[in-house]
Amino acid sequence: MDKSLLIVGVGFMGGSFALALRRGGFQGSIYGIDINSVTIDRAKELGVIDEGGTELSLTKRFSPDYVIFSSPVRTFRQIAGEIKGYIRRETVVTDLGSVKGKLVFDLEGILGGRFVGSHPIAGTEKSGVEHSFPELFENKKVVITPTERTEKGALDEVVKLWELTGGKVEFMDPMLHDWVFGAVSHLPHAVAFALIDALIEMSNEVDLFKYPGGGFKDFTRIAASDPVMWRDIFLENKDNILRAIDMYSNSLQKLRNLIEREEESALTEYLREAKQRRMSLE
Ligand code: NAI
């Protein structure tokens, strides 16, 4: 494949996408645009991109066959509006943002049916291009969210790109995607951030962070994730997150009541069911 690709937002995910494509045999030029010039220099040094810069207008010179948005999700609309004037009619545009839903329809509204939403279910709490690595997507699910308007040719091209990275493609409705990942990904991140916040509040007398056990560290690893990225995800998937937080609060309240009333057998049952569900994931 010797077509060219432009990554907008050359961070951990965008960088890993570039490295994974190269590993999969992508031969064409890989360009990068990022608001941070240090990031662009670093990405070039690391061999993640061939050429890059900080201005979206460079897109015209790069003339890419593919564009992938890999900055925080709330930047996508503005980037799409601007880049539209710099790409060719046949350029295919995709993204790797954690939120789809209405955002997909808005981006389609700006770019037309050559926009194809995608979300790799792969990542870590690390950010920045220096942490990117080529195996990130190997055997990981990649959820692609076509709509009635999606062009078949564009969809096929995006599937091919993800297959080159080693990802396993699945299709899902964009709205359903946001409920599913609001529950299994966005809610756990919200809970981890909130748990740290609670311990800060409880640290008046004793600095509780001096005594982190293994469980606490495991549970809160994801609270070390990038704040701007997560702010954007929470705001962009607001309705689903609010619903998920409410349902989680109910479960926590149920647990609180069982403890308060010392309902031994019901408490054991609550914990047993949770343990069994968790173990079925292994
Ligand atoms: P990152 O912080 O490593 O990279 C984001 C990059 O975007 C940075 O280099 C930043 O300078 C750049 N950027 C910010 N605003 C920009 C703009 N307006 N124009 C151009 N560049 C801009 O973050 P990461 O982890 O790579 O996340 C990127 C995207 O990937 C997000 O949309 C996120 O939702 C999605 N994602 C992240 C996962 C993860 O585990 N980190 C997993 C799946 C998806």
Within one Ile-Leu-Val-Met-Phe-Trp-Tyr cluster: V143 and V104, side-chain cutoff 4.5 Å: no

Should the pair E151-R114 be classified as a salt bridge under the 4.0 Å nitrogen-to-oxygen rule? no

Would you say D65 and S4 make side-chain contact, with heavy atoms under 4.5 Å? yes

Once you round to the nearest 0.5 Å, how far does CD1 of I87 lie from OG of S63? 10.0 Å

Kindly compute the distance separating CZ (F171) from OG1 (T145), expressed to the nearest 0.5 Å. 10.0 Å

Which of parallel (below 30°), tilted (30 to 60°) and perpendicular (above 60°) describes Y66 and F26? tilted

Looking at R221, H189, H131, which one forms a side-chain hydrogen bond (donor to acceptor under 3.5 Å, both in side chains) with E125? R221

With a 4.0 Å cut-off on N to O distance, would you call E163 and K160 a salt bridge? no

Please determine whether a side-chain nitrogen of the Lys or Arg among K100 and D95 lies less than 4.0 Å from a carboxylate oxygen of the Asp or Glu. yes

Please check if L187 and M229 belong to a single hydrophobic cluster, counting links between Ile, Leu, Val, Met, Phe, Trp and Tyr side chain heavy atoms closer than 4.5 Å. yes

Any salt bridge between E55 and R61, counting N to O under 4.0 Å? no

Inter-residue atom distance R149.CZ - F105.CZ, 0.5 Å rounding: 10.5 Å

In terms of relative ring orientation, are F69 and F76 parallel, tilted or perpendicular, with 30° and 60° separating the classes? tilted

Less than 4.0 angstrom from a charged side-chain N to a carboxylate O is my criterion; do K152 and D156 meet it? yes

How close do I83 and L6 get, counting heavy atoms only, and between which atoms? CD1-CD2, 4.0 Å

Between atom CD of E236 and atom CG of D178, what is the distance when rounded to the nearest 0.5 Å? 8.0 Å

Determine the sole option in L96, I7, I68 for which the side chain to side chain contact (heavy atoms under 4.5 Å, CB included) test with M13 is passed. L96

